[in-house]
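Computed from heavy atoms alone, side chains included, the values below leave out hydrogens, waters and symmetry copies. Proteins get letters first, then strands, A, B, ... in listed order; numbering begins at 1 in each. Just so you know, these numbers come straight off a predicted model, no measurement behind them.
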Amino acid sequence: MEPLRQLAEDKLKGRKVIAVMSAKGGVGKSVISSLLALSIGKGTLLIDMDVHTMATAKLFGFNSMHNVGKGGLEPFSVGGIGLISLSGVVKDNYVLLPGNNVGKVMESLVAYVNMEGFKTVVFDLPPGLGEELLTLERLTGNRFTSLIVTTPSKVSIKVVEYLVRYLKERRVNGFLVVNMSYFNCGKIVRPFGGIDEAKSLSERYG
Amino acid sequence: MEPLRQLAEDKLKGRKVIAVMSAKGGVGKSVISSLLALSIGKGTLLIDMDVHTMATAKLFGFNSMHNVGKGGLEPFSVGGIGLISLSGVVKDNYVLLPGNNVGKVMESLVAYVNMEGFKTVVFDLPPGLGEELLTLERLTGNRFTSLIVTTPSKVSIKVVEYLVRYLKERRVNGFLVVNMSYFNCGKIVRPFGGIDEAKSLSERYG
Amino acid sequence: MHEWSVADGIVRTVSTWARENNFSEITMVKVGIPSFTFLEVDILKEAFNEIKKGTPLNNSTLEVEFLSASFKCRNCGNSFSEDQVREQLDSIRSEFGEEYPLHLMPALSPSFLSCLRCGSHDLVVEVQDIMVKEVEVKGHGTIKTVS
Amino acid sequence: MHEWSVADGIVRTVSTWARENNFSEITMVKVGIPSFTFLEVDILKEAFNEIKKGTPLNNSTLEVEFLSASFKCRNCGNSFSEDQVREQLDSIRSEFGEEYPLHLMPALSPSFLSCLRCGSHDLVVEVQDIMVKEVEVKGHGTIKTVS
Ligand SMILES: Nc1ncnc2c1ncn2[C@@H]1O[C@H](COP(=O)(O)OP(=O)(O)O)[C@@H](O)[C@H]1O
Ligand SMILES: Nc1ncnc2c1ncn2[C@@H]1O[C@H](COP(=O)(O)OP(=O)(O)O)[C@@H](O)[C@H]1O
Ligand SMILES: [Mg+2]
Ligand SMILES: [Mg+2]
Ligand SMILES: [Mg+2]
Ligand SMILES: [Mg+2]
Ligand code: NI
Ligand code: NI
Ligand SMILES: [Zn+2]
Ligand SMILES: [Zn+2]
């Protein structure tokens with residue numbers, strides 16, 4: 001009997017869950033999950049599951065603590081959405097954790113949040129194919145929609161293919177987002193390469 | 001008594017260890033660790049410790065298996081240096097692991113390698129402050145030189161400060177590398193911001 | 001206030017278990033809690049008694065056992081007890097106040113505590129989860145739970 | 001061929017331990033090995049006998065105990081034995097041949113095996129490390145080791 005897991009699962013039940021993910025770092029997951037949450041708007045809760053960087057609160061400029069009420073951690077409010085970040089628990093301390101504690105901290109970031117009034121939960125996931133992905137599966141029973149973020153670079157596409165393949169095996173709905181495709185500085189330049197590799201990946205996995 | 005750890009520690013003893021690191025993903029760790037290893041040259045072994053992406057072999061275009069001899073896994077040879085990648089063990093399978101197995105796979109990537117003839121080991125680390133950093137400490141007794149990679153962006157600098165602070169506490173020599181500082185497309189543009197934040201970080205921690 | 005979320009988790013866990021096993025009335029729940037969380041038992045019981053209403057736990061009592069953690073360092077092999085890191089715990093609590101990180105999330109303990117011999121955060125923590133230890137079912141006696 | 005690296009690790013571990021404890025002669029080493037590694041005991045012993053030369057293990061014999069692993073799924077709670085994933089193991093071995101990933105790195109097992117009930121890779125593996133179980137010291141008898 002695990003109260004933490006039970007509570008986390010119950011908090012997500014009946015809510016729409018969108019996970020912004022990648023096997024690769026620095027592809028724009030935090031930027032895109034923030035923009036996505038803001039564009040869905042009212043009733044959306046953004047949870048930063050990257051427990052080591054806590055980048056999303058920094059993107060929005062938050063450096064305060066989460067209030068704790070009877071319903072749990074109160075989300076920060078910004079642009080009509082809610083935000084939950086581990087930085088609202090640890091202040092400006094670093095978070096350095098052995099592997100198996102990472103999953104439990106992630107479970108806590110879901111379990112102990114006041115989700116009242118939120119219909120959609122957007123997860124900003126860290127890079128990798130590890131505890132973060134396995135925890136997401138545990139807590140949602142694979143009932144989530146996946147936005148897989150990549151840059152156009154060949155290396156990034158090859159790395160991201162691992163995640164695409166895995167999610168296909170687990171029958172999770174996925175959408176590929178190709179970020180940083182070009183840069184307009186008076187003319188169009190493509191610092192991370194052209195779009196063909198990403199198109200090919202998308203086609204190969206439907 | 002742990003034979004795996006003993007062997008890994010012994011393999012690194014007496015060798016110069018340089019760890020290319022960041023708390024943030026996609027800042028250029030793999031690119032920089034590759035360039036660094038190539039510029040040090042003969043007698044340098046590059047080990048990709050990012051067990052989920054295995055990006056470095058992809059950067060170099062390797063997709064074969066490591067041979068296994070009496071001395072251990074034989075490194076790939078490229079440009080006068082050696083390369084060890086988990087992709088040389090798993091072929092094109094994904095690597096998806098619970099947290100505490102990650103450290104053991106990293107230990108294996110050090111323990112089971114033929115390091116004969118190599119004087120310098122360059123580690124290309126994954127992003128984060130977790131198993132990868134704790135394993136590096138376990139295997140080197142904190143006797144390594146750290147290259148901490150960041151982009152100039154404010155968020156990246158704030159995230160990387162966690163690592164800088166931690167390494168300072170652990171008395172590890174560190175050098176800050178500011179990557180992707182500018183882009184020259186006929187004129188200088190700075191997509192990730194100016195250099196001031198990075199300079200400030202560098203000064204604050206000596 | 002975090003005690004309310006903890007009570008919520010306990011009630012949901014035991015309620016779900018009761019329904020799955022066709023037990024209609026729970027008379028006692030015993031939980032184990034890491035003592036370094038400094039959860040307040042009075043508030044926890046108050047929250048439990050409020051949240052349990054209308055569930056199979058409606059007539060149950062909550063028993064709380066605080067358990068002392070032990071730590072093993074994966075860097076140097078040293079083992080130490082919670083008492084030995086009292087000073088570190090007090091230092092963190094004074095920085096944060098009541099809702100300090102290990103009150104909210106005990107799994108963060110390796111990040112805030114370090115080995116007394118080598119200073120590493122690479123700690124394996126024995127007792128870091130809030131666990132339901134025993135449940136008493138009306139007409140069936142006490143059942144020790146398994147994770 | 002990987003057996004040579006395994007033997008190297010065993011000899012270095014026991015040699016270091018012997019020196020730290022001022023034992024000059026080891027007469028027997030017993031190791032436990034996960035059976036899913038399919039390490040070959042003949043090659044392991046051959047490598048051990050070669051590498052031990054000139055160390056406190058010079059006159060020692062190697063005893064090998066293969067241990068069957070068990071798996072617990074963190075996703076659905078299912079437990080299963082190594083025998084029950086025989087088909088999965090055979091499939092991986094046929095893809096790779098002798099130096100298959102779990103031969104080289106047993107810690108990779110969650111990545112290659114999946115839960116028989118829910119298909120998850122979120123597995124806790126009991127017995128996945130090569131361990132020195134017992135050491136016999138000349139004049140001191142058998143010492144069971146602790147990790
Ligand atoms: N579409 C974009 N245009 C310009 N900069 C971007 C874009 N997407 C991301 N970035 C920048 O790239 C860096 C990495 O983005 P981030 O969202 O933190 O990636 P991740 O979460 O995948 O690590 C940040 O400095 C961010 O501001
Ligand atoms: N100095 C640079 N100039 C241009 N592109 C770069 C530079 N450094 C890194 N990149 C590109 O940025 C992306 C991320 O780099 P990578 O080395 O994989 O980062 P990390 O290892 O930190 O995740 C890759 O597509 C890489 O080719
Ligand atoms: Mg990366
Ligand atoms: Mg991010
Ligand atoms: Mg990142
Ligand atoms: Mg990299
Ligand atoms: Ni409280
Ligand atoms: Ni072999
Ligand atoms: Zn220690
Ligand atoms: Zn399962």
Side-chain angles (χ1 to χ4, degrees), chain A residues 1-14 47 49 51-54 64-75 84-116 131 135 138-139 141, chain C residues 1-18 20 29 31-33 43 46-47 50-51 73-75 92 95-112 114 120-125 128-135 143-147:
Chain A
M1 284 192 186
E2 301 173 65
L4 182 62
R5 180 173 172 171
Q6 180 77 57
L7 189 55
E9 285 181 12
D10 284 1
K11 291 287 172 90
L12 293 180
K13 212 167 274 154
I47 305 184
M49 297 291 257
V51 306
H52 299 305
T53 68
M54 304 172 273
S64 49
M65 299 286 285
H66 284 298
N67 289 323
V68 183
K70 287 184 178 179
L73 297 173
E74 299 296 340
I84 288 290
S85 170
L86 188 60
S87 64
V89 172
V90 303
K91 281 200 286 194
D92 63 353
N93 288 274
Y94 54 68
V95 175
L96 192 153
L97 290 169
N100 52 344
N101 284 57
V102 171
K104 285 184 193 297
V105 172
M106 287 177 177
E107 284 184 3
S108 303
L109 276 174
V110 177
Y112 293 142
V113 169
N114 188 353
M115 290 193 186
E116 201 180 320
E131 278 290 323
T135 300
R138 279 203 303 276
L139 299 186
Chain C
M1 293 296 279
H2 182 63
E3 290 80 1
W4 282 81
S5 290
V6 173
D8 192 8
I10 294 164
V11 171
R12 286 172 191 257
T13 302
V14 180
S15 295
T16 300
W17 175 86
E20 283 171 359
V29 179
V31 293
I33 294 180
I43 302 175
E46 182 198 337
E50 190 60 37
I51 294 167
C73 177
R74 284 200 301 171
N75 198 30
I92 309 162
E95 179 185 347
F96 283 90
E98 188 208 309
E99 309 287 14
Y100 94 123
L102 306 189
H103 181 73
L104 299 174
M105 300 181 188
L108 285 171
S109 62
S111 202
F112 284 90
S114 51
S120 174
H121 293 269
D122 200 352
L123 306 177
V124 178
V125 186
Q128 63 175 342
D129 298 329
I130 295 167
M131 301 296 296
V132 174
K133 297 277 195 175
E134 287 178 30
V135 179
I143 298 168
K144 278 184 189 294
T145 69
V146 178
S147 196

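Using bins of under 30°, 30° to 60° and over 60° for the plane-to-plane angle, the ring pair C:His2/C:His103 lands in the tilted bin.
Note on C:Phe96, C:Tyr100, C:Trp17: by heavy-atom pairs under 4.5 Å with chain A, the leading option is C:Phe96. Of the residues considered (C:Leu108, C:Val135, C:Val124, C:Ile51), C:Leu108 shows the highest number of contacts with chain A, using heavy-atom pairs under 4.5 Å. The candidate from C:Thr16, C:Val14, C:Ile130, C:Asp122 with the greatest count of non-hydrogen atom pairs under 4.5 Å with chain A is C:Thr16.
For the atom pair C:Ile92 CD1 and C:Ser111 OG, the distance stands at 9.5 Å (nearest 0.5 Å).
Heavy atoms closer than 4.5 Å to chain C are found nowhere in A:Leu4, neither backbone nor side chain. Proximity to chain A (any heavy atom under 4.5 Å) is restricted, for C:Phe112, to the side chain, taken from C-beta onward. The contact between A:Leu73 and chain C is made entirely by side chain atoms (from C-beta outward), counting heavy-atom distances below 4.5 Å. Looking at C:Glu50, there are no atoms closer than 4.5 Å to chain A (heavy atoms on both sides), in backbone or side chain. Contacts of C:Leu123 with chain A are made by backbone atoms alone, with heavy-atom separations under 4.5 Å and no side-chain atom involved. Heavy atoms of C:Val11 lying under 4.5 Å from chain A are absent altogether.
For A:Lys104, the salt bridge (Lys or Arg N to Asp or Glu O under 4.0 Å) partners are C:Asp129, not counting sequence neighbours. Among residues two or more places apart in sequence or in another chain, the side chain to side chain donor-acceptor pair (under 3.5 Å) test is passed with C:Ser5 by none.
Under the side-chain contact (heavy atoms from CB on, under 4.5 Å) rule, A:Leu7 has a single partner from C:Ile10, C:Thr13, C:Asp8, C:Val6, which is C:Asp8.
The backbone N or O of A:Val113 lies less than 3.5 Å from a partner atom in the side chain of A:Lys11, making a donor-acceptor pair.
One finds a salt bridge joining A:Arg5 and A:Glu9 here, because a Lys/Arg side-chain nitrogen approaches an Asp/Glu carboxylate oxygen to under 4.0 Å.
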